[in-house]
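For reference, the structure is listed below as structure tokens.
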Amino acid sequence: MQNNFNRENIKILGWKLLLEQINSPLDFDTSLISWHGFHVDMKLDIDPEDDILKADLRIEVITESEGDNMEEAQAVFHILYFIRVEDIADHTISREAEKIVLHNDLGNYIAAITYSTSRGILLSRVVGTALKDFILPVIDTDPLL
């Protein structure tokens, strides 16, 4: 197994928004939001024979308001990325018959690029909703995997 990978050999082939569910209450006052809570889960599926990796992100967002908002705004996004990683088999370890583990450096890189791409996708999707001021924060993506 190689410890290094060439970032130029990684291409996002596409993405699909599998779920976009935004609850933006009609009488919601965004000026009463004290903070936005969020949770992100990520799963990877690897096909080493085709050099394809699928990164599956689920992002949940909720507001916390102080004042008269009767209901909080919330959203769920499920985004699937299709990524080609040239010679991906050189960056994996077979642990069990059905389980393949991606080398940490490559996994962390995939988590970082898909998370940052998702930040932009969410920005464009929450415009005009009660979550219009939410920006997915910059985080350390290492714990996502």
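The side-chain heavy atoms of L32 and E66, taken from C-beta on, include no pair separated by under 4.5 Å. Between V85 and K11, every side-chain heavy-atom pair lies at or beyond the 4.5 Å cut-off. Using a 4.5 Å heavy-atom cutoff, the side chains of S65 and E72 are in contact. Side-chain contact check for I83 versus L13: every heavy-atom pair is 4.5 Å or farther apart. Between I22 and E20 the shortest side-chain heavy-atom distance falls below 4.5 Å. Residues L122 and I59 meet the side-chain proximity criterion, which asks for heavy atoms closer than 4.5 Å. Two residues are said to be in side-chain contact when any heavy atoms from C-beta on lie closer than 4.5 Å; V127 and K132 fail this criterion. The shortest distance between side-chain heavy atoms of I139 and F38 falls below 4.5 Å.
For the pair D50 (side chain) and I52 (backbone), a donor-acceptor distance under 3.5 Å is absent. N69 places a side-chain N or O within 3.5 Å of a backbone atom of D29 that can act as its donor or acceptor partner. Of the possible polar contacts, none joining the T114 side chain to the A55 backbone as a donor-acceptor pair under 3.5 Å is found. Proximity of a side-chain donor or acceptor of Y81 to a complementary backbone N or O of L53 within less than 3.5 Å is not detected.
A donor-acceptor contact closer than 3.5 angstrom links the side chains of D56 and H78. The closest side-chain donor-acceptor pair between E71 and N23 falls under 3.5 angstrom. Between the side chains of Q74 and T63, not a single donor N or O lies within less than 3.5 Å of an accepting N or O.
Connection of I121 to L136 is established within a shared hydrophobic cluster, with ILVMFWY side chains joined at heavy-atom distances below 4.5 Å, either directly or through further cluster members. By the criterion of side-chain heavy atoms lying less than 4.5 angstrom apart, applied directly or through intervening Ile, Leu, Val, Met, Phe, Trp or Tyr residues, I12 is grouped together with L17 in one hydrophobic cluster. Hydrophobic clustering keeps I79 apart from L18 (ILVMFWY residues linked when any side-chain heavy atoms are closer than 4.5 Å, directly or through intermediates). Criterion: ILVMFWY side-chain heavy atoms under 4.5 Å apart, direct or through other members. Under it, L80 and Y115 are not part of a common hydrophobic cluster.
The distance from atom CG of N9 to atom CG of L106, rounded to the nearest 0.5 Å, is 10.5 Å. To the nearest 0.5 Å, atom CZ of residue F134 and atom CZ of residue R119 are 9.0 Å apart. With rounding to the nearest 0.5 angstrom, the CG atom of L57 is 11.0 Å from the NZ atom of K43. The line from CD1 of I110 to CE of M42 is 8.0 Å long, rounded to the nearest 0.5 Å.
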Apply side chain to side chain contact (heavy atoms under 4.5 Å, CB included) to the pair I33 and D133, showing each step before the final yes or no.
CA-CA 10 Å; I33 297 173; D133 296 324; 5.6 Å; no

Test log, rule side chain to side chain contact (heavy atoms under 4.5 Å, CB included), inputs I10 and I113
CA-CA 10 Å; I10 299 171; I113 62 173; 4.2 Å; yes

Full working for side chain to side chain contact (heavy atoms under 4.5 Å, CB included) between F77 and R58:
CA-CA 6 Å; F77 299 92; R58 181 177 173 88; over 6 Å; no

Are M70 and F28 close enough, and set up right, to give a side chain to side chain contact (heavy atoms under 4.5 Å, CB included), and what steps lead you there?
CA-CA 8 Å; M70 297 293 287; F28 191 83; over 6 Å; no

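More than 12 heavy-atom neighbours from other residues, nucleotides or ligands sit within 6.0 angstrom of CG on D140.
Every residue meeting the ring pair (Phe, Tyr, Trp, His ring centres under 6.0 Å) condition with Y109, not counting sequence neighbours, appears here in chain and number order: F5.
A salt bridge does not link R84 with E86: every distance from a Lys NZ or Arg NE/NH1/NH2 to an Asp or Glu carboxylate oxygen is 4.0 Å or more.
Closest heavy-atom contact between A73 and P25: CA-CD, 4.0 Å.
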